[in-house]
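Data block below; observations after.
Given the structure is predicted, the values throughout are model-derived calculations rather than measurements. Sequence lines set the chain letters: A, B, ... in the order given, protein chains first and strands last, and positions in each chain run from 1.
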Protein chains: 2
Amino acid sequence: MARAATTSDAFNAVAEPRRREILQFLATGERSVGEIVMRLGFEQPSVSKHLRVLLEVKLVDVRRDGRHMLYRANAEAIRPLHEWTSRFERLWKHQLLQVKERAEKKKQME
Amino acid sequence: MARAATTSDAFNAVAEPRRREILQFLATGERSVGEIVMRLGFEQPSVSKHLRVLLEVKLVDVRRDGRHMLYRANAEAIRPLHEWTSRFERLWKHQLLQVKERAEKKKQME
DNA sequence: TTGACATATTCCCATATGGGCATGTAATGT
DNA sequence: ACATTACATGCCCATATGGGAATATGTCAA
């Protein structure tokens with residue numbers, strides 16, 4: 001089997017740097033495809049494809065406005081990612097503390 | 001071009017569900033490859049390969065103890081992920097608020 | 001209708017993937 | 001030295017990928 005499909009979940013979807021850029025831009029507000037293309041400088045088909053992936057995992061929503069398709073970030077779908085990483089928060093704070101303590105001890109031994 | 005290499009960064013590395021499982025298990029403490037295999041039930045070569053990927057993006061550290069290789073999560077490397085998702089925190093709280101407000105209005109109109 | 005504009009989709013392709021299996025390698029015990 | 005344990009690597013392969021270019025679809029304007 002190959003890698004899991006990028007459309008399978010949010011983790012896979014944001015693994016792609018361009019999709020992260022698009023999401024970040026959309027976090028500033030609703031934007032049309034053309035605005036994304038202008039801002040980020042990717043090819044239009046590329047942007048459309050990435051938006052499709054983001055849409056399938058519900059990381060963005062769309063609505064039509066005339067000939068424009070207006071996309072916006074659905075932050076709610078990012079929460080699971082945030083929560084997953086939060087599980088390690090306690091751990092890294094602890095690990096940072098250990099590093100500091102080791103540094104202190106080293107200093108005292110001089 | 002194909003997708004970015006899974007070894008390129010933490011985002012890609014954790015896009016793989018099995019690697020997330022391994023990381024979570026390692027968050028509970030230092031473990032040998034065999035313990036991971038036992039606990040998660042993956043094939044040993046598979047575990048070794050995933051650990052290699054995690055190691056390359058520094059999501060884990062290793063040390064040798066006799067014939068055992070002891071891996072542990074390097075939570076510090078997960079922080080960038082956490083911080084990236086945090087950028088959307090304000091947004092999803094806001095969006096949740098909107099949803100609530102809409103619900104309130106709807107209720108009042110009944 | 002016709003044409004221009006805004007997006008989406010399709011096709012092709014080089015490349016990365018992860019699983020399964022076999023095999024290689026390092027450390028230990030005898 | 002040799003067998004055993006504990007991992008790591010290599011190889012093969014089906015599959016998903018994302019870019020580029022061309023083309024299709026949909027909407028509005030005259």
Side-chain angles (χ1 to χ4, degrees), chain A residues 1-23 25-26 29-73, chain B residues 1-23 25-26 29-73:
Chain A
M1 233 183 284
R3 199 196 303 200
T6 101
T7 51
S8 57
D9 62 23
F11 283 94
N12 277 286
V14 304
E16 164 66 45
R18 285 183 161 85
R19 283 197 285 267
R20 288 203 295 280
E21 287 192 58
I22 291 174
L23 266 181
F25 182 43
L26 290 180
E30 198 176 46
R31 308 287 178 180
S32 71
V33 177
E35 287 174 311
I36 301 172
V37 170
M38 285 271 292
R39 170 66 172 255
L40 302 180
F42 308 151
E43 298 290 326
Q44 175 265 313
S46 178
V47 170
S48 282
K49 286 176 197 170
H50 284 310
L51 285 170
R52 183 115 163 84
V53 172
L54 293 172
L55 195 56
E56 285 184 37
V57 299
K58 303 201 196 303
L59 278 166
V60 298
D61 293 322
V62 219
R63 69 183 178 92
R64 178 181 281 283
D65 175 34
R67 332 177 208 197
H68 298 264
M69 296 297 276
L70 299 179
Y71 287 85
R72 58 201 181 79
Chain B
M1 232 183 284
R3 201 194 304 199
T6 106
T7 50
S8 57
D9 61 23
F11 283 94
N12 276 286
V14 303
E16 163 66 43
R18 283 183 163 86
R19 283 196 286 267
R20 287 203 296 279
E21 287 191 58
I22 292 174
L23 266 180
F25 182 43
L26 291 180
E30 198 176 47
R31 308 286 178 182
S32 70
V33 178
E35 287 173 310
I36 300 173
V37 170
M38 285 271 291
R39 170 66 171 253
L40 302 181
F42 309 151
E43 297 291 327
Q44 174 266 313
S46 177
V47 170
S48 282
K49 286 175 194 170
H50 285 310
L51 285 170
R52 182 115 164 85
V53 172
L54 292 173
L55 195 57
E56 286 184 36
V57 300
K58 302 200 197 303
L59 278 165
V60 299
D61 293 323
V62 219
R63 70 185 178 90
R64 177 181 283 282
D65 174 34
R67 332 175 210 200
H68 296 265
M69 295 299 275
L70 300 178
Y71 286 84
R72 56 199 182 81

Nucleotide [N], atom [atom2] - distance to [atom1] of [X] in whole Å:
X	N	atom1	atom2	result
R63(A)	dT7(C)	CZ	P	13 Å
L70(B)	dA8(D)	CG	P	11 Å
L40(A)	dG19(D)	CG	P	12 Å
R19(B)	dG18(C)	CZ	C1'	9 Å
I36(B)	dA6(D)	CD1	C1'	13 Å
R18(A)	dT17(D)	CZ	P	16 Å
N12(A)	dT15(D)	CG	C1'	14 Å
E16(B)	dT17(D)	CD	C1'	15 Å

Subject >> Nearest atoms (heavy-atom pairs only) where L54(B) meets A13(B) >> reply: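 So the minimum-distance heavy-atom pair works out to CD2-CB, 4.4 Å.
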
**OP:** Work out which heavy atom in L51(B) is nearest to a heavy atom in V60(B); give both atom names and the distance.
**Re:**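 The pair with the smallest heavy-atom distance is O-CG2, 4.0 Å.
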
Does any non-hydrogen side-chain atom of [Y] lie less than 4.5 Å from one of [X]?
X	Y	result
L26(A)	I36(A)	yes
E21(B)	F42(B)	yes
L59(B)	V53(B)	no

Original post:
Within less than 4.0 Å of OP1 or OP2 of dC7(D), is there a side-chain N or O belonging to H68(B)?
Top reply: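 True: H68(B) side-chain N/O within range (under 4.0 Å) of dC7(D) OP1/OP2.
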
**OP:** Check whether any side-chain N or O of Y71(A) sits under 4.0 Å from OP1 or OP2 of dA8(C), and answer yes or no.
**Re:**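 It does, given that an N or O in the side chain of Y71(A) lies less than 4.0 Å from OP1 or OP2 of dA8(C).
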
Original post:
So is R31(B) actually on top of Y71(B)'s ring, under 6.0 Å and inside 45° of the axis?
Top reply: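 So R31(B) doesn't make the cation-pi contact.
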
Original post:
Do we see a donor-acceptor contact under 3.5 Å between the side chains of H50(A) and R19(A)?
Top reply: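 Yes.
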
**OP:** Take V33(A) and L70(A) through the side chain to side chain contact (heavy atoms under 4.5 Å, CB included) test and state the conclusion after the steps.
**Re:** CA-CA 7 Å; V33(A) 177; L70(A) 299 179; over 6 Å; no

Original post:
Near DNA chain C, under 4.0 Å by heavy atom, which residues of residues 42-55 of chain B?
Top reply: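 Of all residues in residues 42-55 of chain B, the ones placing a heavy atom under 4.0 Å from DNA chain C are E43(B), P45(B), S46(B), K49(B), H50(B).
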
Original post:
Using 4.0 Å as the upper bound for N to carboxylate O, is an ion pair formed by R20(A) and D9(B)?
Top reply: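 The answer is yes: the pair qualifies as a salt bridge.
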
**OP:** Starting at the 5' end of nucleotides 25-30 of chain D, put B wherever the base has a protein heavy atom under 4.0 Å, S where only the sugar-phosphate does, and a dash everywhere else.
**Re:** -SBSS-

